[in-house]
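See structure below.
Reminder, nothing fancy here: chain letters follow the sequence lines and each chain counts from 1.
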Number of protein chains: 2
Amino acid sequence: MVHDADHAEQCIKLVPIFQTLSDAERAQIAPLVQHRHYASGESVFAAGDIVGSLMIVAHGQVKITQIAANGKEQLLYLLNPGDFDGEAALFTASTRQNFGTALAATDVCMIRRQDFQKQLQTSPQLALNILNAFGQRLASVAEQSTQATTASIEERLANYLLETAGDQTDEFKLPMKKKDIASYLGTTPETISRKFRDFTDAGLIEKLAVNRFRILDADGLALIE
Amino acid sequence: MVHDADHAEQCIKLVPIFQTLSDAERAQIAPLVQHRHYASGESVFAAGDIVGSLMIVAHGQVKITQIAANGKEQLLYLLNPGDFDGEAALFTASTRQNFGTALAATDVCMIRRQDFQKQLQTSPQLALNILNAFGQRLASVAEQSTQATTASIEERLANYLLETAGDQTDEFKLPMKKKDIASYLGTTPETISRKFRDFTDAGLIEKLAVNRFRILDADGLALIE
DNA sequence: TAAAAAAATTGATTGAAATCAAGAATTCCA
DNA sequence: TGGAATTCTTGATTTCAATCAATTTTTTTA
């Protein structure tokens, strides 16, 4: 059993926005951190919830989804250890606009809104770090939006595979179910399934095991339109 | 001819992020503001440019576009007087990821990166205001992304018209060309043209003049899926 | 570990929107 | 103001991906 203080320390160590702070500043933040555990499939927060805290993923994985007016769900992004969420709503809307669901057994750390805002007032460096992180997420969502409106499903899946594989040239594991990939890319599981088959037939990728693949022709994937 | 100092004052008055600052803080910022004019169609900035400044639109209109890997262009958003841009890249990337083009004769105000960051160090309220604005833009881009991946073109156009009309129940002017609307919604001018005809035939909207419309059945538009 | 549930695959069909093409309406500008 | 350039509209056709339906595979759990 891990103690809360250890969790707090782990979160602070993990999160990029805290990494460049001075020891003194980090020491100030540590006691503000609270810890929470969620089982796989459990809801971390739901749209309409009051945003009371900044949430940091210490261990596990959380998916952030948004429900469109017509009731359809889109997966916006995944939070991995070190990623955080709630900053957006923490300063603007008072209620959540989206859903967070644990995809695995997940530990999160929370810093309450008022504690965090107070900390911001005295730490300009923290504010800059947050602005930095914000900018990155904004760029990533803008990129997602542009892809969704200009690229074919095939191109989007190819890009997704290249991103997911990263520098892992040997093999990589799909971090989510095909159903979730479909939701992320704005398509259906059937179409994802067919495209995987097409890519395999074309010698672009190779299936090694369930959810494990290897990219055989990265250039070919990148050329897909 | 308007003087630069007047422009600076106008910008500071216009922009939400400056509005809640103290008089003392605003007085500090005013001398940092530089003014610039662009003719309609002129490029305000291009992808690859070094982000040297926060840009505030004082008068006119600027469209922000992004070019996808396949070369297709998407219109991301329009900047109207009081809107600003560059905050994202100001803290993260050193070069622009998108394009800004003046759609009309446009006056913008600029605050240089280092001046702005210095100001941030001494004004926590300014940081909070920026975070606030960031949050709103993130929510709006996320919404755009969700619409693009889950809604039909018809639904997206209907929502766009409702947003554009706002509370103007009598008539409203389309703020951009059909070509740009198509780019914004991720479709083609032909499809936009057809949907406008369909909406008119269905008695949902009425064309009053070139680019001028009236919404006849807002509820009907909102119900489109 | 066997049964049930969930996820993934495959095929057949439909449908929404892109593309191609040509003409009409607007806007630009010399 | 009149001709050129751009934008818009309409029609015909094609294409990509959704939907519907039926298995098969994988995962969960009792």
Quiz prompt | Base versus backbone protein contacts along nucleotides 12-21 of chain C [heavy-atom cut-off under 4.0 Å; B, S, -] | solution = B----SSBB-
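- Between A:K178 and the phosphate of C:dT9, there is a side-chain N or O to OP1/OP2 separation shorter than 4.0 Å.
- Put simply, the side chain of A:T149 gets close to the backbone of A:S145: a donor and an acceptor are under 3.5 Å apart.
- A donor-acceptor pair under 3.5 Å is formed between the side chain of B:T106 and the backbone N or O of B:Q61.
- Rounding to the nearest 0.5 Å places NZ of A:K207 at 12.5 Å from CZ of A:R212.
- Atom CZ of B:R214 is separated from atom OG1 of B:T169 by 9.0 Å, given to the nearest 0.5 angstrom.
- In this entry the distance linking CE of B:M176 with C1' of D:dT6 reads 18 Å, nearest Å.
- Applying side-chain contact (heavy atoms from CB on, under 4.5 Å) to A:L78 and the options A:L103, A:D83, A:D180 leaves one that passes, A:L103.
- A donor-acceptor contact shorter than 3.5 Å links the side chain of A:D49 to the backbone of A:A46.
- If you check residues 203-216 of chain A against DNA chain D, the residues with a heavy atom closer than 4.0 Å are A:V210, listed by number.
- One atom, CZ of A:F196, and another, P of D:dT25, lie 19 Å apart when rounded to the nearest Å.
- When the nearest nucleotides of DNA chain D are assigned to B:D180 and B:R197 by heavy-atom distance, the more 5′-ward of the two goes with B:D180.
- Rounded to whole angstrom, the span from the CD atom of A:E155 across to the P atom of D:dA17 amounts to 10 Å.
- With hydrogens and angles left out, the side-chain atoms of B:Q74 and A:T150 include no donor and acceptor closer than 3.5 Å.
- Remark: B:F196 CZ to B:K178 NZ distance equals 5.5 Å, nearest 0.5 Å.
- Separating the CG atom in A:N129 from the CZ atom in A:F134 is a distance of 13.5 Å, to the nearest 0.5 Å.
- In this structure, A:K179 reaches the C:dA7 phosphate: one of its side-chain N or O atoms is under 4.0 Å from OP1 or OP2.
- In this structure, CG on A:L14 lies 9.0 Å from CD1 on A:I56, to the nearest 0.5 angstrom.
- In this entry the distance linking CG of A:L157 with P of D:dA18 reads 12 Å, nearest Å.
- Between A:I224 atom CD1 and D:dC16 atom P the separation is 13 Å, expressed in whole Å.
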Do any N or O atoms of the protein come closer than 3.5 Å to N or O atoms of nucleotides 28-30 of chain D, and which pairs are they?
none

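- Atom CG of A:L185 and atom P of D:dA18 are 11 Å apart (whole Å).
- Rounded to whole angstrom, the span from the CG atom of B:D201 across to the C1' atom of D:dT10 amounts to 13 Å.
- One atom, CD1 of A:I181, and another, P of C:dA8, lie 8 Å apart when rounded to the nearest Å.
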